[in-house]
Colleague: 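I am attaching a structure below and will ask some questions about it afterwards.
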2 protein chains.
Amino acid sequence: MYTLDRSLIAGLPPFSGLSRPDLDVILEKARPLRIAAGQAVFEQDTEAHSFFLLLDGHVRVVKTTADGQQVIMRYISAGQLIGIATALGRTTYPATAIAAVDSLALAWPNEAWHELARLYPAFAANTYKMVSARMEEAHERVVELATALVDRRVAHVLLRLIEQTGRRTEYGIEIGFPISRQDIADMTGTTLHTVSRLLTAWEHQGFVRSTRKRVTVVDGARLLDHVGRV
Amino acid sequence: MYTLDRSLIAGLPPFSGLSRPDLDVILEKARPLRIAAGQAVFEQDTEAHSFFLLLDGHVRVVKTTADGQQVIMRYISAGQLIGIATALGRTTYPATAIAAVDSLALAWPNEAWHELARLYPAFAANTYKMVSARMEEAHERVVELATALVDRRVAHVLLRLIEQTGRRTEYGIEIGFPISRQDIADMTGTTLHTVSRLLTAWEHQGFVRSTRKRVTVVDGARLLDHVGRV
DNA sequence: CGACACTTTGATCCGATTCAACCATCGTGG
DNA sequence: CCACGATGGTTGAATCGGATCAAAGTGTCG
């Protein structure tokens, strides 16, 4: 028997509007889970047995096509749900989730979802709101992929990532987890070569700084302006 | 006072699981609406005052970027809801909806949504299921835009459209509404020129047939095979 | 310290856009 | 009812954004 403190999840968006005792009931059904960097939380097309709440760390959600090409659908930060296949009426996970750094999550067995959704309408409502938000994001991404050139797409990804996970450093705002050129390419539908060229060009122009797997945005406004030829 | 027969909406996916009297209550709040081909049902970024059910016809949902580029997000067929901005917690429409042919819809004032969702949980559940399905579609589209070449994307769009709206004809299965090369380009992130070239090439190869604003898929399997170089 | 993962950079190639011109079909009004 | 403008479609040539091919450099970790 674990004793998970409800302060772990109190105040997180998925549980907003729930009372303290509610949280205790919810926590009772959860099981803590450590995921080492590079390890999968769940794998695409396998039976969905659980859904997860990321407590600490960063996880990337990756879709792989039949011919082996990868697309990173999103990065999940602490406080967010992942693997909610059941809530969407699926029986398998639509993507693979890989820890970008050593991470900590809670796992609930699948059956718990329906029970919790019934018991706590606020929890269900929060989840659906999140699904709606993710749908809109996906739509925006479709528009961008269909209309914008690569430099613009890469710039927008960097700005989105520093907004979601950035932390202040001496030179600017750094993306909050290690990310390679290949990762950025997989988020924008391009190649690591093109990303590398863009980043070095932008570094010369003073918009960004980067080292191995770390990217810092020095001047986001000027970067946006640079690619924002409207 | 109108008298809308409940048989109009009985059996449609958004209302599955609802009783006859429920349907009557729901219909009471609706107002019928004719939309001429080319007319907008609602416009992007304007105040969302209503949501709609398409009873007859075809409507395309279009997003326009700041610099005027268009992306067709989807085609709506009879029996589907559109403009459910409110259900997603928005106050404005995220896209413009244009009738592709003369169409008929029902319109509910925005306030009705929360009321109906509260009164009829099945209705709310159906709507969320649809939102989930659309999110998955959007994700698939992101993957395709990020990884597949233009010919593959165009082929997939044609096959999807005949699956959703196709009707048998002498030569094959025809897309159920008028659609131009430009429209197809706006769905796949390419240009009308490229679509035109692809369609004429495919016509020579016997995969499709087309005339002005009408496209018929003669042999979908061979078309798929043609672009499906995996 | 050596192997491996990540990054950079040059050269070449190609899919698709852009530019340009012309043709076909439809709807409309004199 | 036919002429004509408008909308939609085709096709060639030039161009270009990025991918691909190729090779070498660099940081990191076991």
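Values below: all heavy atoms of this structure, side chains included; hydrogens, waters and symmetry mates excluded.
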Colleague: Inspect the surroundings of CZ in A:Arg34 and state if more than 12 heavy atoms from other residues, nucleotides or ligands are less than 6.0 Å away.
Modeller: no

Colleague: Quick one: how far along DNA chain D does chain A reach, first to last nucleotide 5' to 3', anything under 4.0 Å to a heavy atom?
Modeller: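 Using the under 4.0 Å cut-off, the span is D:dG18 to D:dT28.
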
Colleague: Does either side chain, that of B:Thr92 or that of B:Arg90, offer a donor lying less than 3.5 Å from an acceptor on the other one?
Modeller: yes

Colleague: Taking the nucleotide of DNA chain C with the closest heavy atom to each, which residue, A:Arg197 or A:Arg214, is nearer the 5' end?
Modeller: A:Arg214

Colleague: Distance-only check: which donor-acceptor pairs under 3.5 Å involve side-chain atoms of residues 39-48 of chain A, not counting sequence neighbours?
Modeller:
{"from": "A:Gln44", "atom 1": "OE1", "to": "A:Thr64", "atom 2": "N", "distance (Å)": "2.9"}
{"from": "A:Gln44", "atom 1": "NE2", "to": "A:Thr64", "atom 2": "O", "distance (Å)": "3.2"}
{"from": "A:Thr46", "atom 1": "OG1", "to": "A:Glu43", "atom 2": "O", "distance (Å)": "2.7"}

Colleague: Using a strict 4.0 Å threshold on nitrogen-to-oxygen distance, state whether A:Glu140 and B:Lys63 make a salt bridge.
Modeller: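 So A:Glu140 does not pair with B:Lys63 through a salt bridge.
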
Colleague: Regarding B:Glu137 and B:Arg74, does a basic nitrogen lie under 4.0 Å from an acidic carboxylate oxygen?
Modeller: yes

Colleague: Between B:Ser103 (side chain) and B:Ala99 (backbone), is there a donor-acceptor pair under 3.5 Å?
Modeller: no

Colleague: Taking side chain as C-beta onward, heavy atoms only, is B:His58 less than 4.5 Å from B:Ile76?
Modeller: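 B:His58 vs B:Ile76: side chains apart.
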
Colleague: Taking all heavy atoms of B:Gly176 and all of B:Arg214, pick out the closest pair and write down the distance.
Modeller: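 Reported closest heavy-atom pair: C-NH2, 3.8 Å.
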
Colleague: Please work out if A:Thr200 contacts a base, only the sugar-phosphate, or nothing of the nucleic acid, heavy-atom cut-off 4.0 Å.
Modeller: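 Result for A:Thr200 = sugar-phosphate.
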
Colleague: Under the salt bridge (Lys or Arg N to Asp or Glu O under 4.0 Å) test, which residues partner B:Arg153, sequence neighbours left out?
Modeller: none

Colleague: Of A:Thr211 and A:Ala148, whose closest DNA chain D nucleotide lies nearer the 5' terminus?
Modeller: A:Ala148

Colleague: What does the inter-axis angle of the helix from C:dC1-D:dG30 to C:dG30-D:dC1 come out as, five pairs per end, nearest 10 degrees?
Modeller: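 Terminal axis comparison yields 40°.
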
Colleague: Does anything in residues 170-193 of chain A come within less than 4.0 Å of DNA chain C? Heavy atoms only, and list the residues if so.
Modeller: A:Ser180, A:Arg181, A:Leu192, A:His193

Colleague: What heavy-atom pair brings A:Gln69 and B:Thr147 nearest, and what distance separates the two atoms?
Modeller: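 Looking at all heavy atoms of both residues, the shortest contact is NE2-O, 3.5 Å.
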
Colleague: Check each of A:Thr191, A:Val215, A:Val154 against A:Arg181 using the side-chain contact (heavy atoms from CB on, under 4.5 Å) test, and report the only one that passes.
Modeller: A:Val215

Colleague: Which is the 5'-most and which the 3'-most nucleotide of DNA chain C that has an atom under 4.0 Å from a heavy atom of chain B?
Modeller: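 Listed 5' to 3', the contact boundaries are C:dA16 to C:dC26.
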
Colleague: Looking at A:Glu174 and A:Arg209, is any side-chain nitrogen of the basic one under 4.0 Å from a carboxylate oxygen of the acidic one?
Modeller: no

Colleague: At their closest point, which heavy atom of A:Pro109 faces which heavy atom of A:Ser50, and how far apart are they?
Modeller: CA-OG, 4.2 Å

